[in-house]
Enquirer: 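Would you mind keeping the following structure in view while I ask a few things?
All chains are named by letter (A, B, ...) in the order of the sequence lines, taking the proteins before the strands, and each is independently numbered beginning at 1.
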Amino acid sequence: MWYQTAPMHERYNPAEIEPRWQKRWADERAFSVGDATGKDDFYLLEMLPYPSGRIHMGHVRNYSLGDVFVRHLRMRGKNVLHPMGWDAFGMPAENAAIERKRHPRDWTYENIAQMREQIKKLGFSYDWDREIATCDASYYKHEQAMFLRMLEAGVAYRKAALANFCDHCQTVLANEQVEEGKCWRCGNNVRQREMQQWFLRTTKYAQELLDGHKELEGKWPEQVLTMQRNWIGRSTGAEIRFALKNPVDGVNELSVFTTRPDTLFGVTFLSIAAEHPLATRLAAGTPREKEVQDFADRIRAERRVRHDVGEANKEGVFTGATCLHPITGAEVPIYVANFVLMDYGTGAVMAVPAHDQRDFEFAQKYKLPIRVVIQPEGAQPLDPATMTAAYVEGGFMVNSGSLDGTLNEIGKEKVVALLAEKNAGRGTISYRLRDWLVSRQRYWGAPIPVIHCETDGVVPVPQKDLPVVLPEDVEITGEGGSPLARHESFVNVSCPKCGKPARRETDTFDTFVESSWYFDRYTTPRHEAGPVDGERARNWLPIDLYIGGIEHAVMHLLYARFWQRVMIDLGYFPKDTPREPFAALLTQGMVCKEFYHRQDALNPAHTLYFYPEETELREGTRVVIATGEPVEIGGVVKMSKSKRNIVDPDEIVSKYGADSARLFVLFAAPPEAQVDWSEAGIEGASRFLQRVWRMIRDRREMLLTTSPYTSGELSENAKTMRRTLHKIIDRVTRDLGERRQPNTGVAAMMELLNALTAFEAKTAAEKSVLREGVDALVRLLAPFAPHIADELHEHLGGKGTLLHASWPAFDADAVHEDSVEIPVQVNGKVRGRVRLANDANEATALAAAQADANVAAHLQGKTVKKTIYIAGKILTLVAV
RNA sequence: GCGAGAAUGGCGGAAUUGGCAGACGCGCUGGACUUAGGAUCCAGUGGGGUAACCCGUGCAGGUUCGAUUCCUGUUUCUCGCACCA
């Protein structure tokens, strides 16, 4: 293949350079990678995007971070897997169908095509041979097969449950998808509705998911681990059974969960949730029946509209029933209370008003007894009559029979032992984590592969009939639930077991199911026989570095960790496959920008937002061009369409080039911090590349006839240049390596450019040092700004891309100095500097310091009481 | 309320292991070149002071010869969770 090398123009012109190199990389399939080789393999992945149609700056940042590491790793000889694909199922496609009368499939694939082009224009080095789209039947058929195995293994199951239902999206949501009582997607209120739903038994893995964090410490952001830990919400306590005084319908006890068994002797009543099966039955047939029923109904109804989350007033009603304290035998009343949750613990709690704030408030309101059983050490004894809040700290047990005087922490175990003896309870662990609700009443998702038969119940779709392909001839109106349920030929099937007419399941999977294993699929993306070719796939795992947004801290990352374990346990992978799929995680910050707004004159409650181009500066005030009205400058917030503060990557690429865009987002802030978009900032990045271009162009003739320095005597000037060069090589190497801080790497390269520009190469040896430095700069630049780097490399006589060129080697000798200048402090302040031999001892250092005029002046009239000498670093004199 | 994180010039940020605070970039100031400059190049740029020097990393303490870094308290902000028994 022959490529025309452009002449080296006066000015750097990314618009000409970038498409040429992109074509070359593509033609050479430069980013394709084979199987893991077992040596120097590296799997780097960025979270797969939803194909909304256009990429945004958040994507640019995410992929720039990934690509800079990937390209660096390749140059260091790693075999890097760096794939890209599409999280292609999901609601926006259905909304597009409703709003624009486009079929979700067409809309999705067009978006994919468009975004793929945008990504390619940025020069990211993906192995496109491994591309996947999760909406493709060749992908989801494996998901369906896995689900059937999970069904067999009891990991997947179906139950009627109160589910979070979003009326707007007409679908149920997992707990994780409800944010402040609202749907995470559309923001509408979520209500509770009882439905038959499919679940995956994430709770079975709760402990393992928690334990797995140990392996991730230091490699995942602490924040993410904390969020997951809180979400799993493990608490240690006891399950205690209280015998009902009068059994109802054969039920003779009520079980509660508590983390404070040490307060058992302080129980003065029991509280149960309105949804608890016993709530209404306890009062059935008594004068209280109606009151209890009404109360339970009301609380349940209130909970159906969950928008007002927060601590409501404590409220409850006496059921009329009582139970017996398992140790003292005392009679304890049972209340239905609004603050007890059915889906945590057992849905019933033992109330210890003296030592639990909620119970305290409840007891005060309903004039229930308060009994102190924990006494703080060395403080005034607590008095129920004067207490204004529950005492929840530790102390010694009192009023607790034989356990009086025991430290409450020890008392916990003793009470559990006592209960075990009486067969009334046991130590147990409770988790906040719920099973994952995976069914969605949506069209654009992977069909759940089961059939409902009147005779045989739930029947899995036989393997040979997979995949259950999503029918294409559907009418999407956005009303009346899932379009699949109205699709006659899809729904009406015969039972695979008995052959009688049956109904096909019309729910589809939550899209988090697809994103729970796509990273596995990338390893063997065209494997037909199953989701992965286990052995070959295992060799790529775990993912060495996963990069994405913090917003996926809980849901996606927890589900993926769960799914990976299930796949291993079901035998899709060899048993020794790492159970943690993501060995290291980098969560990049948002891309933000200021926004312009003003109050709507016609409707003061309404805020109007303006695009920057709709405004201009007039005499120092930013105004709306059309009306002349001043706008307020809002804070720097995440780019969003609604705030009209988005920057289109395409426009940036055509104006400044991909290299400048990449360089800017990498330079502007450390990866975890937010980046504030600034036009001036990207101009700075562009200017830097211009200066690199000019520096090389101005010296090109000389450089082309010079080879890089290898050995020989050097002038002081050249030695200094090489010292700077190799210090910077070392810095950039570590910034892209273990430090993962490309921002400081960019700064180092800028310093190198400044040094090279200032360096006057006169002798042959100095010229060879310059050539060494220029070659190194171009290579250091390659991961950040690959197009210009490859272009400059060719202009310097190199052949082909730097993609697999060697990374500049750090020469420790170049950095070595025989003497070093160190600061001299007198009483903590720097008063001078002295140049010392590397091996100078303290006495020599002190003598040199005392010889310094300024140091001497500060020591005038004082005695040096103490000397601290850190060789090569600092000399500190303490003088009085 | 609970948990986690952050706070450094006019701005984004740097300081990698407790050792010269402010690297690098933006912006700004002055100058050069120029018909022109929103291009480019040079110089300067934390505050105060003629200077010596003093002050300075949200605030108040502490440890240390030495603290942006470690400890205690506190304020503000961001994020997460939120009646979880």
Enquirer: If I pick the P atom on A15(B) and the same atom on C42(B), what distance separates them, to the nearest angstrom?
Expert: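 Straight-line distance between the two P atoms is 26 Å.
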Enquirer: Please tell me whether E10(A) and Y12(A) have a donor and an acceptor in their side chains that are separated by less than 3.5 angstrom.
Expert: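 Not at all, the side chains of E10(A) and Y12(A) share no donor-acceptor pair under 3.5 Å.
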Enquirer: Of the listed nucleotides (G19(B), A85(B), G13(B)), which one gets closest to any side-chain atom of K873(A)?
Expert: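 Selected nucleotide: G19(B).
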Enquirer: Please check if any side-chain donor atom of Q674(A) sits under 3.5 Å from a side-chain acceptor atom of D676(A), or the reverse.
Expert: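 Their side chains do contain a donor-acceptor pair, which is all the 3.5 Å distance test asks for.
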Enquirer: Determine the stems involving RNA chain B; a stem requires 3 or more consecutive pairs of the Watson-Crick or G-U wobble kind, each with both distances below 3.5 Å, and the answer is none if no such run exists.
Expert: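 The stems that RNA chain B takes part in, listed by first number, are B:1-7 with B:75-81, B:10-12 with B:24-26, B:27-32 with B:40-45, B:46-48 with B:53-55, B:58-62 with B:70-74.
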Enquirer: Tell me what K865(A) touches on the nucleic acid: a base, only sugar-phosphate, or nothing, going by heavy atoms under 4.0 Å.
Expert: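 No contact.
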Enquirer: Tell me the interatomic distance from Y344(A), atom OH, to C83(B), atom P, rounded to whole angstroms.
Expert: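 So the OH-P distance, Y344(A) to C83(B), works out to 12 Å.
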Enquirer: May I ask you to check whether H355(A) and R371(A) show a side-chain donor-acceptor distance below 3.5 Å?
Expert: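 Judged by distance alone, the side chains do not pair up.
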Enquirer: Is any side-chain N or O of N854(A) closer than 4.0 Å to OP1 or OP2 of C53(B)?
Expert: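 Yes, N854(A) has a side-chain N/O under 4.0 Å of OP1/OP2 on C53(B).
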Enquirer: Please give the distance between the P atoms of A14(B) and G61(B) as a whole number of Å.
Expert: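 Approximately 29 Å lies between the P atom of A14(B) and that of G61(B).
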Enquirer: Looking for any heavy atom pair under 4.0 Å, which part of the strands does S235(A) touch: base, sugar-phosphate only, or nothing?
Expert: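 Sugar-phosphate contact only - S235(A) comes under 4.0 Å of backbone atoms but never of a base.
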Enquirer: By nearest atom, which of the nucleotides A85(B), A14(B), G3(B) is closest to the D356(A) side chain?
Expert: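 Nearest nucleotide to the side chain: A85(B).
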Enquirer: Whole angstrom is fine here: how far is it from CD in E672(A) over to P in A4(B)?
Expert: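 It is 19 Å, rounded to the nearest whole Å.
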Enquirer: In terms of side-chain heavy atoms, does R691(A) have a donor or acceptor partner in N754(A) at a distance below 3.5 Å?
Expert: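 Yes, because at least one side-chain N or O of R691(A) sits under 3.5 Å from a partner of the opposite role on N754(A).
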Enquirer: What orientation do Y344(A) and F257(A) show, parallel under 30°, tilted 30 to 60°, or perpendicular over 60°?
Expert: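 Perpendicular, since the angle between the ring planes exceeds 60°.
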Enquirer: Please work out if V340(A) contacts a base, only the sugar-phosphate, or nothing of the nucleic acid, heavy-atom cut-off 4.0 Å.
Expert: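 Result for V340(A) = base.
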Enquirer: What distance, rounded to whole Å, do you find between the two P atoms, one in C59(B) and one in C53(B)?
Expert: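 Between the two P atoms, the distance is 26 Å.
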Enquirer: Please enumerate all residues that pass side chain to side chain donor-acceptor pair (under 3.5 Å) together with R833(A), with sequence neighbours excluded.
Expert: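 In terms of side chain to side chain donor-acceptor pair (under 3.5 Å), with neighbours along the sequence ignored, R833(A) is linked to no residue.
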Enquirer: How far does the C1' atom of G56(B) sit from the matching atom of G49(B), given to the nearest Å?
Expert: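 The same atom, C1', in both gives a distance of 15 Å.
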Enquirer: Please check if any side-chain donor atom of Y656(A) sits under 3.5 Å from a side-chain acceptor atom of E679(A), or the reverse.
Expert: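 Side chains of Y656(A) and E679(A): pair found under 3.5 Å.
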Enquirer: Rounded to whole angstrom units, what separation is found between the CZ atom of R432(A) and the P atom of C84(B)?
Expert: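 Atom-to-atom, R432(A) to C84(B), this comes out as 11 Å.
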Enquirer: Atom NZ of K314(A) to atom P of A85(B): distance rounded to whole Å?
Expert: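 Taking NZ of K314(A) and P of A85(B), I get 14 Å after rounding.
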Enquirer: Given U16(B), is OP1 or OP2 found less than 4.0 Å from the side-chain N or O atoms of R740(A)?
Expert: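 For R740(A), the contact criterion (side-chain N or O under 4.0 Å from OP1 or OP2 of U16(B)) is not met.
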Enquirer: Base of G19(B), side chain of T876(A) - is there a donor-acceptor contact under 3.5 Å?
Expert: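 Such a pair exists between side chain and base.
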Enquirer: T744(A) has a side chain; which of A14(B), C20(B), A85(B) sits nearest to it?
Expert: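 So the side chain of T744(A) is nearest to A14(B).
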Enquirer: Under a 90° cut-off about 0 for the syn range, is G37(B) syn or anti?
Expert: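 Anti.
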Enquirer: Any chance the side chains of R734(A) and Q741(A) put a donor and an acceptor closer than 3.5 Å?
Expert: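 No - no donor-acceptor pair under 3.5 Å links their side chains.
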Enquirer: Does a donor on one side chain and an acceptor on the other come within less than 3.5 Å for R234(A) and Q207(A)?
Expert: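 On atom types as modelled, these side chains qualify, holding a pair under 3.5 Å.
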Enquirer: Is the cationic atom of R11(A) (NZ for Lys, CZ for Arg) positioned less than 6.0 Å from the six-membered ring centroid of W693(A) and within 45 degrees of its normal?
Expert: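 Cation-pi check for R11(A) and W693(A): fails.
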Enquirer: Mark up nucleotides 25-44 of chain B, 5' to 3', with B wherever a protein heavy atom is under 4.0 angstrom from a base atom, S wherever such an atom reaches only the sugar-phosphate, and - elsewhere.
Expert: SSS-----------SSS---
Enquirer: Kindly point out which of G19(B), C54(B), A23(B) is positioned nearest to the side chain of E751(A)?
Expert: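 Per side-chain heavy atoms of E751(A), the pick is A23(B).
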Enquirer: Between E821(A) and V746(A), just flag the one whose closest nucleotide in RNA chain B comes earlier from the 5' side.
Expert: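 The residue mapped nearer the 5' terminus is E821(A).
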Enquirer: Find the distance M227(A):CE to C81(B):C1' and express it as a whole number of Å.
Expert: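 Taking atom C1' of C81(B) as the reference, CE of M227(A) is at 9 Å.
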Enquirer: Where the side chain of T346(A) meets the backbone of S255(A), is there a donor-acceptor pair that is under 3.5 Å apart?
Expert: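 Yes, the answer is positive, given that a donor and an acceptor are paired below the 3.5 Å cut-off.
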Enquirer: Rounding to an integer number of angstrom, what distance separates U64(B) and G80(B) when you compare their P atoms?
Expert: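 So the two P atoms sit 41 Å from each other.
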Enquirer: Does R831(A) reach a base, just sugar-phosphate, or nothing at all? Heavy atoms under 4.0 Å.
Expert: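 Contact class for R831(A): sugar-phosphate only.
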Enquirer: Is N743(A) close enough to A14(B) that one of its side-chain N or O atoms is under 4.0 Å from OP1 or OP2 there?
Expert: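 Looking at the OP1 and OP2 atoms of A14(B), one of them is under 4.0 Å from a side-chain N or O of N743(A).
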Enquirer: Measure CG/N827(A) against P/U64(B) and give the value in whole Å, please.
Expert: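 Those two atoms, CG and P, are 16 Å apart.
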Enquirer: When you measure from the centre of the six-membered ring of F595(A), is the NZ or CZ of K643(A) under 6.0 Å away and within 45° of the axis?
Expert: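 Cation-pi check for K643(A) and F595(A): passes.
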Enquirer: Write down the distance separating the P atoms in G19(B) and U68(B), rounded off to the nearest Å.
Expert: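 That atom pair is separated by 11 Å.
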Enquirer: On a whole-Å scale, what distance lies between the P atoms belonging to G30(B) and U76(B)?
Expert: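 Going atom to atom, P in each nucleotide, I get 42 Å.
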Enquirer: Heavy-atom nearest nucleotide on RNA chain B for Q825(A) versus Q741(A): which residue maps closer to 5'?
Expert: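 Closer to the 5' end of RNA chain B: Q741(A).
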Enquirer: Which part of the nucleic acid, if any, lies within reach of V878(A) when heavy atoms closer than 4.0 Å are counted: base, sugar-phosphate only, or nothing?
Expert: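 Result for V878(A) = sugar-phosphate.
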Enquirer: Measuring only the C1' atom in each nucleotide, how far is U8(B) from U57(B)? A whole number of Å is fine.
Expert: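 One C1' to the other, the span is 4 Å.
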Enquirer: Contact class for P221(A) (heavy atom, under 4.0 Å): base, sugar-phosphate, or nothing?
Expert: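 It contacts nothing in the nucleic acid.
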Enquirer: Write down the distance between CG (D735(A)) and P (A23(B)), rounded to a whole number of angstrom.
Expert: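 Rounded to the whole Å, the gap is 17 Å.
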Enquirer: Using OP1 and OP2 only, check whether a side-chain N or O of H858(A) sits under 4.0 Å from C53(B).
Expert: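 For C53(B), OP1/OP2 do have a side-chain N/O of H858(A) under 4.0 Å.
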Enquirer: Whole angstrom is fine here: how far is it from CG in D730(A) over to P in U16(B)?
Expert: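 Nearest whole value for this atom pair: 14 Å.
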